[in-house]
Asks: 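Handing you a structure now.
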Amino acid sequence: MSVLPWPVPSALDPKTQAFPILTPAQINRLRPLSKLRKVVAGEILYEPGDAEVPLFVLLSGGLEIVQPGLSGERPIVTHTAGGFTGEMTMISGQRCLVRGRVAEAGEFLEVSPDSLRSLVAKDAELGEIFMRAFILRRLMLISHGQGNVVLMGSRHSANTLRLREFLSRNGYPHTYIDLDTDQTSQELLDRFEVKLSDVPVVICNGLTVLRNPSTQQLADCLGFNVSIDQSQVRDLIIVGAGPSGLAAAVYAASEGLDALVIETESPGGQAGSSSKIENYLGFPTGISGQELAARAITQAQKFGARMMVAHDVVQLNCNRRPYEVVLDDGSAIPARTVIIATGAQYKKPAIANLKKFEGQGVYYGATFIESQLCENEDVIVVGGGNSAGQAAVYLSQTARRVYMLVRSASLSDTMSRYLIHRIAENPAIEMHYQTEITALDGDTKLERVTWVDRVTGETSTHGICHLFIMTGASPRTAWLEGCVALDNKGFILTGRDLDVPAGVASTWPLARLPQMLETSLPGVFAVGDVRAGNVKRVASAVGEGAIAVHLVHRSLAEA
Ligand SMILES: Cc1cc2nc3c(=O)[nH]c(=O)nc-3n(C[C@H](O)[C@H](O)[C@H](O)COP(=O)(O)OP(=O)(O)OC[C@H]3O[C@@H](n4cnc5c(N)ncnc54)[C@H](O)[C@@H]3O)c2cc1C
């Protein structure tokens with residue numbers, strides 16, 4: 001048995017896996033792609049907010065990792081010989097979250113972010129050690145609220161909810177201060193000269209104060225998209241990071257394509273708003289949409305896919321190749337091929353005042369954050385599909401009572417049988433068939449809901465402050481105007497379906513026929529819920545994302 005110059009922990013406890021000690025053989029594999037750096041005590045190697053921070057592997061000496069905060073430094077860990085720095089920002093290319101200060105002089109190996117990313121994709125053993133450690137470290141930061149961002153807001157503010165969802169759906173560690181309940185927040189507001197009318201307020205890196213920022217301003221402040229080169233012609237741009245787009249990103253990047261994903265909000269799509277997906281292969285006890293998305297993002301980034309968030313794609317320049325994907329700030333990114341994975345958006349029933357109460361009592365997703373807002377209170381779920389059924393069952397765990405309002409006379413045509421059974425056996429859920437909402441009332445937030453029973457004609461008003469709308473979705477294709485053929489509901493036609501509407505087949509420019517999932521524009525593919533004939537399932541969206549990448553290879557070969 002070889003004698004190591006430092007102790008290697010053998011127990012498989014989470015702390016050991018988060019902060020493993022590399023063996024000399026593993027370190028030797030890192031040497032050719034790193035440079036040797038001598039460090040002295042007190043030297044600061046990186047600060048929160050720094051971009052393109054390298055990974056350090058300690059050969060000797062010590063490095064303390066701390067989180068500078070509003071009330072001083074919080075210690076996170078001290079690395080010793082054989083240990084290494086870094087967390088998920090190293091893979092995603094985002095800005096650093098912590099400060100690294102040399103505690104004891106010594107020698108460190110310095111590995112650039114690019115070298116690290118290619119090592120993780122190629123060296124299975126080291127890739128697994130680094131990825132597991134980075135994921136566990138990120139989870140520790142999230143669970144201790146140790147991020148470089150403080151969000152101060154109110155549970156009655158729609159904009160607070162928007163920013164909280166953005167941070168949590170991106171798995172970004174942060175501290176949330178609820179101004180409605182926190183006693184010490186006035187001191188913070190005074191320190192940054194913030195008025196209550198500025199809420200929500202975000203403090204990035206303890207320096208920059210954003211007053212009621214847009215999601216894009218928050219993303220820019222945190223450097224979410226800082227390392228993305230917009231001038232580079234990409235092999236593939238994937239528009240939308242729901243299950244289909246994320247699957248395409250994983251397969252494209254793992255097969256060596258230079259792939260960029262652009263997402264208008266946070267990755268996860270509709271599935272990200274699902275509290276529990278129970279019918280996705282391989283998860284017998286179910287998985288929340290956010291957890292599934294978080295795993296997929298990490299996997300895609302591990303293989304080298306780049307992810308741009310908080311940017312809306314507003315147009316496709318489709319007159320010549322390379323095509324150009326135009327963003328909401330007017331910039332255009334060139335791409336040899338495009339996968340459209342923009343899914344569908346919630347249908348909003350025609351109820352007066354609906355917009356006024358969005359985020360103030362009206363919600364379109366039922367995740368952990370919303371469930372906390374209506375703890376021990378009555379809620380209404382509108383809709384008769386699987387998403388409504390899941391939401392009702394999930395909310396019944398925290399809410400006092402769930403009123404389920406359905407327009408039709410039964411659920412059997414629209415909902416899976418397992419959910420119908422669960423609802424029928426749940427005493428906290430009260431079904432109202434053939435019932436529709438007629439009015440919403442309240443001062444600044446939802447306070448009363450009126451509904452009518454279409455069979456008896458009886459109208460009643462209820463003091464309920466939380467309404468979940470789950471009434472289906474329509475395709476997000478407005479940005480494709482004039483570029484690809486759509487069906488009469490706005491879904492994208494692909495493959496053989498393109499023969500159906502008169503004229504489309506005759507405008508196809510190539511000698512070969514469109515491939516499966518290919519739109520009326522060569523090299524542009526559509527996958528998932530945005531595609532005509534889709535089956536509204538996570539598994540099929542993921543499958544189509546994978547198939548489309550296979551077809552992209554063929555298209556790139558002929559371009
Ligand atoms: C609450 C709920 C529960 C569900 N439960 C299940 C379930 O249990 N099992 C199951 O199989 N299916 C379930 N579904 C259906 C499943 O989530 C969808 O079929 C799946 O998410 C479709 O994936 P997608 O990638 O095609 O589209 P989406 O999930 O709709 O994702 C599209 C993404 O594209 C982004 N986007 C849109 N336009 C643009 C633009 N112009 N620029 C940039 N980005 C853009 C959106 O923000 C979004 O993130 C559920 C759906 C909901 C709403």
Side-chain angles (χ1 to χ4, degrees), residues 165-166 169-170 215-216 237-249 260-281 283 286-290 292-293 296-297 307-316 325-329 333 338-347 363-367 370 381 383 385-395 415-416 418-419 468-481 490-492 517 525-532 534-546 548:
E165 288 199 337
F166 178 75
R169 284 180 71 163
N170 278 291
T215 310
Q216 207 176 100
I237 288 185
I238 300 159
V239 186
S244 63
L246 288 170
L260 171 67
V261 187
I262 306 175
E263 165 58 50
T264 182
E265 292 155 19
S266 324
Q270 295 170 71
S273 65
S274 167
S275 45
K276 203 166 212 187
I277 297 165
E278 296 202 51
N279 55 2
Y280 186 54
L281 187 75
F283 294 91
I287 182 166
S288 81
Q290 287 194 21
L292 188 66
I297 297 160
M307 192 94 56
M308 179 183 269
V309 293
H311 272 293
D312 207 12
V313 172
V314 293
Q315 193 184 318
L316 182 66
V325 168
V326 183
L327 303 182
D328 43 9
D329 60 6
I333 310 181
V338 176
I339 292 182
I340 302 166
T342 47
Q345 66 199 347
Y346 315 112
K347 272 194 199 138
Y363 317 100
Y364 297 96
T367 66
E370 287 85 8
V381 174
N386 278 346
S387 56
Q390 279 178 9
V393 171
Y394 180 64
L395 292 168
M415 197 180 284
S416 299
Y418 82 94
L419 274 172
F468 292 82
I469 306 271
M470 304 280 182
T471 49
S474 51
R476 298 176 78 164
T477 47
W479 62 282
L480 288 161
E481 180 97 55
F491 290 90
I492 301 173
L517 303 180
F525 300 83
V527 293
D529 280 18
V530 76
R531 196 180 62 76
N534 77 78
V535 291
K536 298 184 183 59
R537 287 284 180 274
V538 174
S540 52
V542 166
E544 289 181 16

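Nothing fancy with the numbering, it's 1 onward along the sequence. These values consider heavy atoms only, across backbone and side chains, with no hydrogens, waters or symmetry-generated copies. Atoms within a ligand are numbered from 1 in the order they appear, just like the ligands themselves. In this text, all values refer to a predicted model and were calculated from it rather than measured experimentally.
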Asks: Residues in ring pair (Phe, Tyr, Trp, His ring centres under 6.0 Å) with Y364, at least two apart?
Replies: Y346
Asks: Looking at ligand 1, does N386 have a heavy atom less than 4.0 Å from it?
Replies: no
Asks: Taking the minimum heavy-atom distance to atom 36 (N) of ligand 1, which of L480, L419, T264, T477 ranks first?
Replies: T264
Asks: Measure from atom 11 (O) of ligand 1 to every heavy atom in N534, V538, V542 and give the option owning the shortest one.
Replies: V538
Asks: Of L517, I340, I238, I492, which meets side-chain contact (heavy atoms from CB on, under 4.5 Å) against V527?
Replies: L517
Asks: Distance under 4.0 Å to a non-hydrogen atom of N279: what atoms of ligand 1 satisfy this?
Replies: 7 (C), 8 (O), 9 (N), 10 (C), 11 (O)
Asks: On a heavy-atom basis, I'd like to know which of V313, V535, V261, L281 is closest to atom 42 (N) of ligand 1.
Replies: V313
Asks: What do you reckon, does E263 have a nitrogen or oxygen under 3.5 Å from a nitrogen or oxygen of ligand 1?
Replies: yes
Asks: G528 versus ligand 1: do any nitrogen or oxygen atoms come within less than 3.5 Å of each other?
Replies: no
Asks: Verify, without hydrogens or angle tests, whether Q290 (side chain) and R169 (backbone) share a donor-acceptor contact under 3.5 angstrom.
Replies: no
Asks: N/O of Y346 under 3.5 Å from N/O of ligand 1, yes or no?
Replies: no
Asks: Name all pairs fulfilling the salt bridge (charged side-chain N to carboxylate O under 4.0 Å, His left out) condition that reach into residues 307-316, sequence neighbours left out, sorted by first residue then second.
Replies: none
Asks: Measure A473 to ligand 1 on non-hydrogen atoms and call it side chain, backbone, both or neither using the 4.0 Å cut-off.
Replies: neither
Asks: Determine, using heavy atoms of V530 and all atoms of ligand 1, whether some pair is separated by less than 4.0 Å.
Replies: no
Asks: So, the side chain of D529 versus the backbone of A344: is there a donor-acceptor pair under 3.5 Å, distance only?
Replies: no
Asks: List ligand 1 atoms under 4.0 Å from A341, heavy atoms only on the residue side.
Replies: 32 (C), 33 (C), 34 (O)
